[in-house]
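Working notes, beginning with the structure itself.
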Amino acid sequence: MAKVKVGIPQGTRDFGPDVVRKRNYIFNTIRNVFELYGFQPLETPAMENLDTLLGKYGDEGDKLIFKILNNGLNDPSNIDKAKAAFENVLKGKNDRDLTERALKYDLTIPFARYVAMNHNQLSFPFKRYQIQPVWRADRPQKGRYREFYQCDADVVGSNSLLNELELALIYHQVFNQLGIKHYELRINHRKILTALAELCGGAERMNDIAVSIDKLDKIGLEKVKDELKTKGLNEKQLGVIEKYLGIGGNNAEKINAVNDLIGANESGKKGIGEIKYLINAEPGPLNSPLIIDFTLARGLNYYTGTIFEAKAPPEIKIGSIGGGGRYDDLTGLFGVPNIPGVGISFGVDRIYDVMEELNLFPAEVHVGIQVLFFNLGENESKAAFSLMQQLRGKNTRCELYHENVKFDKQFKYAEKKNIPYAIIIGSKELEEKSCTIKNLLQGSQQTISHQELLNYDF
RNA sequence: GUAGCCAUAGCUCAGCUGGUUAGAGCAUCAGAUUGUGGUUCUGAGGGUCGUGGGUUCGAACCCCAUUGGUUACCCCA
């Protein structure tokens, strides 16, 4: 027997039964909270037209889009076109004659595309949630996969800050229900970053500046300044940056400090006002760990307002487990202007890793089958089968062992599959129309009638 | 795209500065135990040491290439 080499693509994973159960536990928790807040489900295709995705995630993002090769390239009548297209691609361009579809990179842009296509039928504000896989052609490493799930909730067609507030509360509620303590929900505002950029030579510098200051806690102040110097900032501008990065203290102190620095700027004023609203409006009961972090930038360049980032507990070096923000005009990219929106996303795969490391999955997650009927022969198993079907009718998950083998084996099977109850019907029980029920966790057993079994509380 | 580390039984790994026939634990199967598991004991199967080449009297070990995995940078969930 030759060993066939089998495998799955880099950065993808199979999920065995135990893992799927645990993942579903996370999905269900998130879905329930989304529904509680009035969001409705939506699904979009795995692939989109390449044009829909390109240019939405920045240059780095574009490189990470998985492109799908067109079919029919070997058709003789297309062969010259295909060759020319390939030449184009080698030069770093995209060519529709070679690839015109791509796997989706996130859920937000496909959602914007959906809203643009259906804005006449939708009633606004439109609140949707979406739980689907996305694909990125990244190098896999810890907490980073090429196929992973996002759980998004977005509201479009509303400028109200109430939406931001609700989305922040969703973060709290989901993480609390999952038992994840010590996570951080950091917020910032793109307009504050814009104001900073305007003080440092122009709004168009915002992305450069944001990318650099985002690295503060990783590489330190001096290196951030070095990096910005090479990007063309002068000493005076670096001074402003240094002051900005030096802002510390609690949320109120941070707001005062940033107000001194950029409060005179129009964008700055607006951004600060909105952040202030969120900090003060935040209801007390959840005792939120809402943290203002002026270095928070977030890469996706469609954000224009508040930005969120949910960070894993610091003892787990996995970074961000969710993120989101406000975008003024996402559908404008698809020809439908003036539909503002705001949304958040949960990274389920990373949340899973966090929960696994912190041992947060409840034991009940693992219980699949509740009852195993032992197989003790043809007539015995007939009786067992009939009882089993009645139990199934009462919504009890059960199974009959598939062949008549030694007890030993049947017990071990039950143990391995975490089945809490075994039901034994042998010749004796068959005769007196009873059955022996054994609690495998406690080791106790009793003989009861069929009727008692059907009313048993598993 | 750049860099480091790893690859030995189904799984986790050991294997001395290169030296006969490559080991352990777990798992699997069989028996002790024909209607009562989880413990224990006994035994068995299972490896062209990722692949290809080179150095050597001799390679799991050294060198080169290649494939796969993993971690970090970039970027990100």
Side-chain angles (χ1 to χ4, degrees), chain A residues 1-3 5-13 16 26 30 57-65 92 105-108 131-152 183 207 210-212 214-215 218-219 223 227 296-301 308-312 316-324 344-354 372 374-377 380 401 404-430 435-447:
Chain A
M1 240 200 328
K3 249 189 201 167
K5 254 195 275 172
V6 290
I8 53 176
Q10 195 180 32
T12 65
R13 296 148 300 157
I26 301 175
I30 294 174
Y57 309 109
D59 291 342
E60 288 300 319
D62 280 357
K63 284 186 205 156
L64 299 181
I65 294 173
Y105 179 91
D106 73 352
L107 302 179
T108 307
I131 299 179
Q132 289 192 273
V134 301
W135 293 268
R136 295 185 188 179
D138 220 342
R139 277 297 164 85
Q141 52 186 269
K142 188 178 181 189
R144 180 178 300 196
Y145 309 98
R146 287 186 149 182
E147 178 185 64
F148 62 97
Y149 270 74
Q150 290 193 327
C151 305
D152 277 30
Y183 71 93
N207 255 323
V211 165
S212 295
D214 197 37
K215 295 179 190 164
K218 223 180 226 170
I219 63 176
K223 289 202 168 157
E227 203 175 303
L296 178 63
R298 298 202 49 78
L300 301 174
N301 53 9
F308 295 105
E309 179 158 285
K311 281 194 134 174
I316 302 184
K317 297 193 196 86
I318 207 166
S320 173
I321 51 176
I344 57 168
S345 180
F346 288 88
V348 170
D349 302 80
R350 285 191 180 174
I351 290 173
Y352 180 96
D353 292 344
V354 168
L372 179 71
F374 275 31
N375 189 327
L376 301 185
E380 290 86 345
Y401 197 83
N404 178 11
V405 293
K406 293 199 305 188
F407 262 51
D408 189 54
K409 260 197 131 170
Q410 307 200 33
F411 270 122
K412 279 187 175 150
Y413 179 82
E415 193 191 333
K416 213 180 273 176
K417 289 188 90 169
N418 247 316
I419 302 171
Y421 291 97
I423 296 199
I424 300 162
I425 298 173
S427 49
K428 199 173 66 191
E429 288 89 351
L430 200 58
C435 58
T436 297
I437 176 165
K438 176 157 184 163
N439 182 325
L440 296 176
L441 304 175
Q442 298 166 6
S444 59
Q445 70 178 52
Q446 54 180 318
T447 301

For [X] and [N], give me the distance from atom [atom1] to atom [atom2], rounded to whole Å.
{"X": "A/R146", "N": "B/rG69", "atom1": "CZ", "atom2": "C1'", "value": "13 Å"}
{"X": "A/R144", "N": "B/rC75", "atom1": "CZ", "atom2": "C1'", "value": "6 Å"}
{"X": "A/E309", "N": "B/rC76", "atom1": "CD", "atom2": "P", "value": "10 Å"}
{"X": "A/L372", "N": "B/rG38", "atom1": "CG", "atom2": "P", "value": "16 Å"}
{"X": "A/F411", "N": "B/rU36", "atom1": "CZ", "atom2": "P", "value": "9 Å"}
{"X": "A/Q446", "N": "B/rU36", "atom1": "CD", "atom2": "P", "value": "19 Å"}
{"X": "A/K417", "N": "B/rG37", "atom1": "NZ", "atom2": "P", "value": "21 Å"}
{"X": "A/K63", "N": "B/rC76", "atom1": "NZ", "atom2": "C1'", "value": "14 Å"}

Base, sugar-phosphate or nothing for [X]? Non-hydrogen atoms, less than 4.0 Å.
{"X": "A/S345", "answer": "nothing"}
{"X": "A/Y145", "answer": "base"}
{"X": "A/G143", "answer": "base"}
{"X": "A/I424", "answer": "base"}
{"X": "A/I351", "answer": "nothing"}
{"X": "A/V211", "answer": "sugar-phosphate"}
{"X": "A/G322", "answer": "sugar-phosphate"}

Go through the steps for A/W135 and A/R146 under the test side-chain contact (heavy atoms from CB on, under 4.5 Å), then give the verdict. CA-CA 5 Å; A/W135 293 268; A/R146 287 186 149 182; 5.9 Å; no

So, under a plain 3.5 Å distance rule, would you say the side chain of [X] forms a donor-acceptor pair with the base of [N]?
{"X": "A/K438", "N": "B/rU36", "answer": "yes"}
{"X": "A/Q445", "N": "B/rU36", "answer": "yes"}
{"X": "A/E429", "N": "B/rG35", "answer": "yes"}

May I ask you to verify if any side-chain N or O of A/Q10 is less than 4.0 angstrom from the OP1 or OP2 atom of B/rG68? no

Looking at A/Q141, does any N or O in its side chain come under 4.0 Å of the phosphate oxygens OP1/OP2 on B/rU70? no

Provide a list of protein-nucleic acid N or O atom pairs under 3.5 angstrom, restricted to nucleotides 39-41 of chain B.
none

With sequence neighbours left out, what residues match A/P420 under side-chain contact (heavy atoms from CB on, under 4.5 Å)? A/L441

Excluding sequence neighbours, so at least two apart, what forms side-chain contact (heavy atoms from CB on, under 4.5 Å) with A/A310? A/Y171, A/F175, A/L185, A/I321

Side chain to side chain donor-acceptor pair (under 3.5 Å), paired with A/Y57, selected from A/T108, A/D62, A/D106: A/D106

Atom [atom1], compared across [N] and [M]: separation rounded to whole Å:
{"N": "B/rC16", "M": "B/rC73", "atom1": "C1'", "value": "37 Å"}
{"N": "B/rG23", "M": "B/rG45", "atom1": "P", "value": "13 Å"}
{"N": "B/rA9", "M": "B/rA22", "atom1": "C1'", "value": "11 Å"}
{"N": "B/rA65", "M": "B/rA3", "atom1": "P", "value": "13 Å"}
{"N": "B/rG4", "M": "B/rC76", "atom1": "P", "value": "25 Å"}
{"N": "B/rA60", "M": "B/rG53", "atom1": "P", "value": "14 Å"}
{"N": "B/rU12", "M": "B/rA7", "atom1": "C1'", "value": "14 Å"}
{"N": "B/rA32", "M": "B/rU39", "atom1": "C1'", "value": "14 Å"}

Looking at [options], which one has an atom nearest to any side-chain atom of [X]?
{"X": "A/R139", "options": "B/rG37, B/rC73, B/rG69", "result": "B/rC73"}
{"X": "A/R136", "options": "B/rA72, B/rG35, B/rA77", "result": "B/rA77"}
{"X": "A/L64", "options": "B/rC75, B/rA77, B/rG35", "result": "B/rC75"}
{"X": "A/K215", "options": "B/rA77, B/rG35, B/rC75", "result": "B/rC75"}

Applying side-chain hydrogen bond (donor to acceptor under 3.5 Å, both in side chains), name anything that partners [X], two or more places apart in sequence or on another chain.
{"X": "A/E415", "result": "none"}
{"X": "A/E309", "result": "A/R298"}
{"X": "A/T447", "result": "A/T436"}
{"X": "A/D353", "result": "A/Y145"}

Expected rows: protein N/O vs nucleotides 25-31 of chain B N/O, under 3.5 Å:
unit_1 : atom_1 : unit_2 : atom_2 : d
B/rU28 : OP1    : A/K416 : NZ     : 2.9

Residues, nucleotides or ligands: over 12 heavy atoms within 6.0 Å of A/K428 NZ: no

Is any side-chain heavy atom of [Y] closer than 4.5 Å to one of [X]?
{"X": "A/I425", "Y": "A/L376", "answer": "no"}
{"X": "A/V134", "Y": "A/Q132", "answer": "no"}
{"X": "A/R13", "Y": "A/D349", "answer": "yes"}
{"X": "A/Y421", "Y": "A/N439", "answer": "yes"}

Could you tell me the separation between the CZ atom of A/R139 and the CZ atom of A/R144, rounded to the nearest 0.5 Å? 11.0 Å

Encoded 5' to 3' (Watson-Crick or G-U under 3.5 Å; [ ] crossing; | other strand), RNA chain B becomes (((((((..((((.....[...)))).(((((.......))))).....(((((..]....))))))))))))....

Centroid under 5.5 Å and tilt under 30°, A/F407 to B/rG37: no

Under the ring pair (Phe, Tyr, Trp, His ring centres under 6.0 Å) test, residues paired with A/F374 that sit two or more places apart: A/F407, A/F411

Mind checking ring pair (Phe, Tyr, Trp, His ring centres under 6.0 Å) for A/F148 and listing every partner two or more places apart, or none if nothing turns up? none

Determine, for A/K412 against A/D408, whether the closest basic-nitrogen to carboxylate-oxygen distance falls under 4.0 angstrom. yes

Could you list all N or O pairs between the protein and nucleotides 43-46 of chain B that sit under 3.5 Å apart?
none

